[in-house]
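Residue numbers count from 1 along this sequence. In each ligand, atom 1 is the first atom listed, and ligand 1 is the first ligand listed.
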Amino acid sequence: MSEAANSTPFSAQVQSIRDYHGTLDTQNLSWRKDQLRALQKMLQENKSAFLDALYKDLRTNPTEGNLLQLSLVSSEITHALKHVGGWSKPEKVSTPLYMKPSSAQIVHEPLGTALIIGAWNYPLLLTLSPLVGCIAAGNAAIIKPSEMAPATSALLAEMLPRYLDKKAFQVIEGGIPETTDLLKEKFDTIFFTGSAPVGRIIMEAAAKNLTPVTLELGGQCPAIVDRSADLKLAALRIVFAKFSNAGQTCVAPNHVFVHKDVADEFTKILKQTITDFYSTDPQKSPDYGRIINQHHHTRIVALMKDQNIACGGKSDVDDLYIAPTVLTNVDPASPVMQEEIFGPVLPLVTVNDLSEAFNHISKNNHPLAAYVFAKDKKVIQRAEKITAGAVGINNAMLHLGVHDLPFGGVGGSGFGQYHGKAGFDLFSHAKPIFKGGSFEAGAHFPPHKEKGRIKKALLKIFL
Ligand code: NAD
């Protein structure tokens, strides 16, 4: 096929970015630091505009938007600025005796031109956080924010080119047709955050160019509340993680397994905590968000059907509102337990023994995170063995704010990790450079039959 037949409306744009990356300018450490500083400046100087956009897209409370999106990206940038010099340094590697004198090192080289496809649920955080590692490692990038959060997408498209080097970074807005076109272009790495079905489409398109991909997918993150748990603390942390952003958080607890001895008491404390956070009428609370669109609203409401509603349950499609809802005595076989809820509905499954919960978790797809609330050391030791993107003990969700903890899934929840150094490594190729010494013992050269004593002795070290 000719080049013209393969071209898309974005071919020239992508090629210009690739060409600029080819100049090696992006590998310059001071250029990378300048870009990181510029990204941080963009957030500082346009803070209220970004908070307004998040409010428009998801009715995100400004404090929550600042805490869970702007500040997180900004502190990630500060961390990268502090460490990027160290991360980028070539690492010396020792060489075997029989190869002396020689030297070996690992240099961290950018992968090249990245395509970053952002998600709608934290449209600022999940678009810019991967960009931090991408810039730190010296890549160029096309950034595709989610069209499902249009206000944030438009603002990113307006602001990023004003602050970042346009020769290396460009924003392309759009939905399925634009993403489909972009995926026909050749990138050196693709970073996608979203659902598994779209992840498969991304991976299939990437395979045509043998482009490596990172898939940050979802999964039904389980929580377990043991009878030894501090129930009040567990409720505070679970309610915060579950109902922030109206439950549209990839690392929110999807459901809770609660030990039968504390199920009633825990339900009571959960209900009280929800009221403490969002009042008796959460629809009027300035701290409570909205569902992204009607499609997801209808989907989430349907999941509550025929369930025992302990609190919440109210919905208003015109306002895209669903109350923070707790379902009790949920059957693990019921529809609400079969898919990721990604909304403000929290099923509680009462278990007679925690092994029921651990078995359920190990039989299903590996989640992006699993949370266990307990004081009992044996339970905690068992919890640490859960296969998941991350495990939180007496915590939910906040691991994503620890820069030095790699963030990402395993198995069904995706692959590839970022944040902090992991983000730098994800967008880098650890390239070995081996330099031969000026002296050559030649023990490995033929003819092998006619070697002298020294060569034979040296060869023995090889074999
Ligand atoms: P989604 O993942 O399906 O994303 C929709 C996006 O995909 C849109 O931008 C759309 O343009 C694009 N898209 C859809 N069909 C496409 C196609 N055929 N070709 C190319 N692009 C296409 O949206 P969703 O299901 O609402 O997202 C929710 C999921 O994302 C949940 O599973 C959640 O857990 C996951 N998620 C994961 C993380 C993480 O960090 N791991 C973060 C946020 C969300």
Side-chain angles (χ1 to χ4, degrees), residues 8 10 57-58 68-69 72-73 115-130 133 143-150 152-153 156 171-185 190-206 208 213-222 241-242 244-255 291-300 320 338-343 365-369 388-390 397 399-401 405-419 422-423 426:
T8 76
F10 308 117
D57 285 332
L58 286 138
L68 296 180
Q69 302 204 51
L72 265 184
V73 180
L115 171 62
I116 296 175
I117 305 176
W120 55 262
N121 58 332
Y122 287 84
L124 192 73
L125 176 74
L126 297 175
T127 309
L128 297 187
S129 182
I143 300 131
K144 214 294 286 169
S146 175
E147 80 285 11
M148 291 166 74
T152 310
S153 174
L156 283 171
V171 180
I172 290 177
E173 285 194 278
I176 299 176
E178 290 77 8
T179 312
T180 305
D181 274 339
L182 274 173
L183 288 171
K184 289 180 191 150
E185 299 293 337
I190 299 176
F191 186 104
F192 169 76
T193 304
S195 67
V198 181
R200 282 190 194 96
I201 295 168
I202 304 288
M203 207 168 157
E204 230 173 88
K208 296 204 173 92
V213 293
T214 298
L215 298 183
E216 297 290 340
L217 309 178
Q220 298 168 290
C221 301
K242 178 71 187 187
S244 293
N245 207 28
Q248 300 159 110
T249 305
C250 54
V251 283
N254 187 72
H255 50 267
I291 305 305
I292 189 73
N293 56 31
Q294 205 168 330
H295 160 74
H296 279 288
H297 190 276
T298 309
R299 179 186 63 76
I300 299 163
L320 293 174
Q338 307 313 309
E339 61 172 271
E340 185 184 2
I341 297 165
F342 219 58
N365 261 338
H366 301 322
L368 190 55
M397 189 166 94
H399 60 286
L400 64 79
L405 283 180
F407 182 86
V410 59
S413 49
F415 49 85
Q417 294 173 305
Y418 70 126
H419 289 189
L426 185 75

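With sequence neighbours excluded, the residues satisfying side-chain hydrogen bond (donor to acceptor under 3.5 Å, both in side chains) with Thr152 are Asp57. Legend: residues meeting side chain to side chain contact (heavy atoms under 4.5 Å, CB included) with Asn365, ordered by chain and number and at least two apart, are absent.
Considering only heavy atoms from C-beta on, Phe192 stays 4.5 Å or farther from Val213 through its side chain.
When heavy-atom distances to ligand 1 are checked against a 4.0 Å cut-off, Leu217 comes that close only through its backbone atoms N, CA, C and O. When heavy-atom distances to ligand 1 are checked against a 4.0 Å cut-off, Ile176 comes that close through both its backbone and its side chain.
Below 3.5 Å of separation, one finds no N or O of Thr193 facing any N or O of ligand 1. For ligand 1, the polar-atom distance check finds no N/O of Ile201 at less than 3.5 Å from any of the ligand's N/O atoms. Among the atoms of Asn121, none of the N or O lies under 3.5 angstrom from an N or O of ligand 1. Considering backbone and side-chain atoms together, Leu368 places no N or O closer than 3.5 Å to any N or O of ligand 1. Between Trp120 and ligand 1, at least one pair of N/O atoms sits closer than 3.5 Å.
For the pair Phe407 and ligand 1, a heavy-atom separation below 4.0 Å is found. Contact analysis puts Gly175 in contact with ligand 1, with a non-hydrogen atom separation below 4.0 angstrom.
Here the protein heavy atom with the shortest distance to atom 4 (O) of ligand 1 is Val198 CG2, 4.3 Å. Scanning the protein heavy atoms around atom 39 (C) of ligand 1, the nearest turns out to be Cys250 SG, 3.3 Å.
When Gln220, Glu340, Glu147 are checked for heavy-atom proximity to atom 10 (C) of ligand 1, Glu147 turns out nearest.
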